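When a ligand or atom number is given, it counts from 1 through the structure's own listing order. All residue numbers refer to positions in the sequence shown, counting from 1. Computed from a predicted structure; not experimentally measured.
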Amino acid sequence: MAMNRDWKVENPDGSVSVRSCCWSPPGDHPVGCGMWLTVKDGKLIDVEGDEEHTITQGRLCIRALDLPEIVHSPSRVLYPMKRAKEDRGKDKWERITWDEAFDLVCGKVNYFKETYGAQSIMVFGGTGREACIYYYPLGFSTLQTPNVCYAQSGWSCYGPRCSITDYILGAGYPEIDYAGYFAERYDHPDFELPKYVVCWGKMPLASNPDGLFGHAIIDMMKLGTKVIMIDPRITWLGAREGNINLQIKPGTDAAVGLGLANVIIEEGLYDKDFVENWCFGFDEFAERCREYPPEKVEELTWAPAEQLRKVARLMAEKPVSIAWGLAVDQSPNGTQVGHVTIALAAITGNIDIPGGLTLGPPSSLLGKWRMETRKDLAPELWDMRLGANEYPALSNAMATTHPDYTLDALETDKPYPIKMLWFNSSNLLAPTCSAAPIRWHDAFLKAEFVVVQDLCMTPTAMACGDVFLPLPTTAEHDGIVITHYGRNSVFLGAMNEALRVGETKSDVEICIEFGKRLNNAGPDGTSTWNIFEGDTRDKFVPDFFSKQLQPELGFDFDELRRIGLYQPGYTYRKYEKGLLRFDGEPGFNTVTGQVELYSTLFEAWGEDPLPYFEEPRWSPVSHPELAEKYPLMMTTGAREYASFHSEHRQFPTLRHFRVYPDIEIHPDTAAKYGIAEGDWVEVENPFGVARQKATLVITIDPRVVHTRHGWWYPEQDGEEPNLFGVWKSNVNNLVPHFDIGRLGFGAPMKSIFCSIKKVEDLDGLVLKKSYDIVKEKDLLQKLEGVDPANIVDIHSEHRV
Ligand SMILES: Nc1nc2c(c(=O)[nH]1)N[C@H]1C(S)=C(S)[C@@H](COP(=O)(O)OP(=O)(O)OC[C@H]3O[C@@H](n4cnc5c(=O)[nH]c(N)nc54)[C@H](O)[C@@H]3O)O[C@H]1N2
Ligand SMILES: Nc1nc2c(c(=O)[nH]1)N[C@H]1C(S)=C(S)[C@@H](COP(=O)(O)OP(=O)(O)OC[C@H]3O[C@@H](n4cnc5c(=O)[nH]c(N)nc54)[C@H](O)[C@@H]3O)O[C@H]1N2
Ligand SMILES: [Mo]
């Protein structure tokens with residue numbers, strides 16, 4: 001669809017406005033919100049929503065609107081810097097030129113490759129910022145290491161959902177149908193409005209995750225859609241008139257799902273035609289569901305049996321769509337939650353129909369390319385990826401290392417030492433990507449050389465960085481925004497550079513420029529990076545994008561800039577038309593050709609082929625002897641509008657929305673502990689402590705508290721041991737690192753027991769780091785009798 005205006009216009013007052021689609025920084029996931037950026041005299045002076053952008057239609061979040069403050073913030077690092085290794089933890093950074101940075105870093109890369117092998121280099125990447133397209137190529141091709149790590153214990157974000165989808169459904173991410181594929185949107189004749197959208201452990205208004213523009217749910221509510229929330233909290237969405245809440249105990253979603261399926265099957269509400277023709281293992285699945293009648297499920301999950309029945313009956317209608325969120329991943333039982341969620345969509349016939357769940361191709365465009373850069377690795381290196389052989393379900397679907405195994409390897413130098421770290425897009429000591437952040441901190445300091453790429457100084461960079469490479473914001477570089485990273489590309493958008501500040505380089509520039517300098521050729525003798533034409537980024541970056549677009553879509557980057565947004569259209573019921581399988585036959589791209597309610601792959605890996613429920617390992621129910629001491633269930637990390645994980649604490653306008661992290665507590669519970677609104681609260685469990693400020697809300701179950709993640713204090717002393725106060729409010733201190741699911745997925749980030757008490761202030765908690773934190777191994781021995789000598793093998797207890 002061509003937009004009415006050119007993408008770059010000169011205004012009468014001499015300013016220039018550039019149309020663009022937002023990615024990151026400043027934290028966008030990747031929705032590609034349409035915006036106009038106006039620049040005058042080298043300053044970004046205005047950001048406005050682009051009303052012609054058919055998805056976002058002029059609406060923008062506060063993080064995008066605040067770009068002028070972010071771009072010109074004094075807290076940004078705008079030039080490359082280095083620091084002597086002995087000065088780690090001290091603010092002794094020294095500005096260097098890019099040429100010095102290239103020489104220093106390339107010299108080290110070559111040294112470690114020659115001395116220890118390329119596998120001694122580890123790249124860390126975080127969530128689906130723009131970097132997540134490029135951190136794989138940075139590892140596989142630019143540095144030629146197989147070790148790229150997403151460090152959240154149990155890979156507990158998105159990866160589990162995508163992998164389960166691959167195995168059960170044989171397709172890319174099943175996104176809710178919000179008519180995003182069509183330029184006509186809800187008016188497209190093939191589209192049908194969902195009667196219900198189930199938000200399951202997901203609150204898309206604040207999170208807009210992976211390319212789902214959350215506000216589309218409001219658009220659809222205005223047209224008549226009702227929302228069903230499955231959540232321990234009543235959210236803003238849940239509180240709207242006519243919407244329905246299933247309020248549950250954190251971490252019990254698998255039982256909820258099996259209970260819903262129980263009702264649908266027992267009451268004969270399922271889609272018999274779809275089940276008969278397109279589902280594998282229905283009888284076995286139905287038998288498993290019989291073990292979960294609503295009254296039993298109420299006991300396990302706190303979801304009232306009658307409410308469960310009601311929701312099940314609504315979910316059996318058509319069309320119904322399920323927006324499944326992070327809470328699916330962030331549980332050791334999450335694989336089973338994902339399995340039962342897809343099973344529910346399948347048995348109700350809500351897959352690949354208008355208004356149901358859409359199915360993306362397995363991979364496309366940049367998504368495919370980033371994985372194909374693996375060709376630049378020697379095959380024997382690929383097999384050395386940490387955890388590859390131990391966790392086949394994870395390593396077959398995710399091209400990374402196994403995060404928990406990686407931490408063990410960093411600590412023990414086994415199976416081989418890791419000498420160089422490259423933090424591409426993770427501030428993981430801040431309570432974001434990692435559980436047990438103090439363990440990671442100590443392990444990072446063992447590395448001989450550490451590169452950090454970021455926008456501003458962070459606790460991670462301050463603790464261990466030796467070289468700092470500065471990044472541009474979305475306003476300062478060209479790019480392509482691709483929803484679901486190519487796993488279900490509802491649309492593509494052009495990101496256009498509006499201005500440049502300082503001497504920054506974007507993720508793709510870093511890959512290309514280091515790639516050219518390291519002059520890598522893969523085993524086939526060709527280099528991925530030398531083929532892009534031009535010596536300056538305004539040439540080689542657009543050429544890179546054109547070379548991605550042209551073969552698959554038949555147009556180049558200039559054309560994408562011109563049209564602004566590309567929506568591919570959508571064919572429904574592809575499974576009937578032979579459009580899902582590589583062999584062109586009808587059906588799904590799974591082992592059996594059907595939706596696998598009974599998973600043949602799980603069975604092959606020794607896992608239960610059917611979904612099942614496991615009580616959270618660290619709960620008052622699992623540990624009755626600790627129930628009095630830790631009576632509450634803690635969930636964490638519900639997204640907020642004005643921040644993105646650990647980002648944005650240093651920008652006054654965004655910080656204004658939340659100055660300190662808050663712990664949500666029910667007033668009855670607060671009263672029991674003598675806690676009032678605004679009090680500082682210490683939340684504790686056997687693994688650690690953190691302090692946050694009390695917010696009393698009746699929307700949370702009295703047996704649950706909710707804490708914020710991603711908190712640190714840029715205004716505080718950045719040097720060790722304070723590190724911008726990174727340990728003080730760090731809720732991941734309370735999350736252990738070994739409690740993952742049997743296939744290697746999921747950790748208890750949203751379901752772990754705790755106690756609370758009122759304290760005087762934030763800073764009284766002077767964590768003496770490891771001295772105050774009881775180590776996991778001791779705990780395991782104390783609580784569960786596990787031999788501490790087996791720390792590296794602890795996972796094998798879970799492994800199947
Ligand atoms: N307790 C708890 N912990 C959680 C969660 C939770 O719900 N509860 N959520 C978890 C989830 S789902 C995730 S995905 C992780 C996220 O964890 P991470 O993705 O590691 O997030 P951050 O710690 O904010 O670190 C990201 C860094 O990348 C920088 N950055 C921003 N944009 C870009 C970019 O375009 N390119 C590059 N190269 N860098 C950029 C940022 O400035 C920031 O310093 O946190 C996890 N941690
Ligand atoms: N503004 C902003 N947007 C973001 C991010 C950000 O940091 N800031 N992070 C991005 C990332 S990496 C991700 S993964 C997505 C995540 O985005 P979502 O998938 O929407 O996940 P959350 O916001 O973590 O949680 C959604 C809901 O799950 C509920 N919940 C908590 N525990 C449980 C449970 O055990 N079961 C169930 N059923 N529900 C539970 C919470 O109360 C919350 O309302 O957001 C992305 N978008
Ligand atoms: Mo995430």
Side-chain angles (χ1 to χ4, degrees), residues 23-29 31 61-63 124-132 134-135 138 150-153 156-159 199-210 212 214 229-235 237-238 246 248-253 256 301 323-331 337 423-435 452-456 458-461 469 471-474 477 479 506-507 510 616 633-648 664 700 704 706-710 712 730-732 734-735 747 749-751:
W23 201 344
S24 60
D28 180 302
H29 200 239
V31 185
C61 78
I62 181 67
R63 302 187 304 285
F124 286 96
T127 187
R129 301 180 181 88
E130 192 183 357
C132 83
Y134 305 105
Y135 67 70
L138 175 67
Y150 169 82
Q152 192 177 174
S153 179
S156 297
C157 174
Y158 189 72
C199 289
W200 194 327
K202 182 164 188 156
M203 215 301 258
L205 295 187
S207 60
N208 298 290
D210 309 297
L212 167 60
M229 299 294 298
I230 305 181
D231 199 305
R233 309 180 309 143
I234 311 277
T235 62
L237 255 184
L246 202 55
I248 65 165
K249 169 175 158 182
T252 63
D253 298 82
V256 173
T301 70
W324 55 335
L326 178 59
V328 172
D329 306 320
Q330 288 187 326
S331 153
V337 184
F423 290 93
N424 159 273
S425 52
S426 189
N427 174 17
L428 70 87
L429 296 186
T432 37
C433 218
S434 74
V452 183
Q453 278 174 259
D454 218 309
L455 196 71
C456 301
T458 65
T460 307
L469 306 178
L471 285 172
T473 67
T474 193
H477 69 287
S506 69
D507 290 290
I510 295 262
M633 284 301 279
M634 177 177 82
T635 183
T636 70
R639 278 30 179 175
E640 296 195 279
Y641 294 92
S643 65
F644 198 88
H645 297 293
S646 73
E647 290 185 65
H648 307 131
E664 285 183 10
I700 196 162
V704 181
H706 172 268
T707 54
R708 301 281 169 198
H709 80 299
W712 58 291
N730 202 326
V731 289
N732 287 353
L734 281 77
V735 184
M749 315 291 286
K750 287 205 192 307
S751 49

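- Scanning all protein heavy atoms for the shortest distance to atom 47 (N) of ligand 1 gives Thr432 O, 2.4 Å.
- Compare His709, Gln152, Lys750 by their heavy atoms: the one nearest to atom 11 (C) of ligand 1 is in Gln152.
- If you take CG on Asn208 and NE2 on His29, they are separated by 10.0 Å, rounding to the nearest 0.5 Å.
- Each of the atoms 33 (C), 34 (C), 36 (N), 37 (C), 39 (N), 40 (C) of ligand 2 lies under 4.0 Å from some heavy atom of Ala327.
- Taking a 4.0 Å cut-off on heavy atoms, Asp253 registers as neighbouring ligand 2.
- Residue contacts with ligand 2: Tyr158 is excluded, as none of its non-hydrogen atoms falls under 4.0 Å.
- Heavy-atom separations between Gln330 and ligand 2 are all 4.0 Å or longer.
- Here is the list of ligand 1 atoms found below 4.0 Å of a heavy atom in Leu326: 7 (O), 12 (S).
- Contact between Cys157 and ligand 2 is present, with at least one heavy atom of the residue lying under 4.0 Å from the ligand.
- Contacts between Ser331 and ligand 2 below 4.0 angstrom, taking non-hydrogen atoms only, are absent altogether.
- In this structure, Glu647 does not pair ionically with Arg63, as no charged nitrogen and carboxylate oxygen lie closer than 4.0 Å.
- The protein heavy atom nearest to atom 24 (O) of ligand 1 is Ser646 OG, 2.7 Å.
- Residue Thr635 approaches ligand 2 through these ligand atoms, each under 4.0 Å from one of its heavy atoms: 31 (C), 32 (N).
- Close approach of ligand 2 to Gly251 (heavy-atom distance below 4.0 Å) involves ligand atoms 34 (C), 35 (O).
- Within the set Asp454, Thr460, Val452, Asp28, the minimum heavy-atom distance to atom 44 (O) of ligand 1 is found for Asp454.
- Distances from atom 32 (N) of ligand 1 to the heavy atoms of Arg708, Arg129, His477 put Arg129 nearest.
- Annotation for ligand 2: atoms under 4.0 Å from non-hydrogen atoms of Thr127 are 12 (S).
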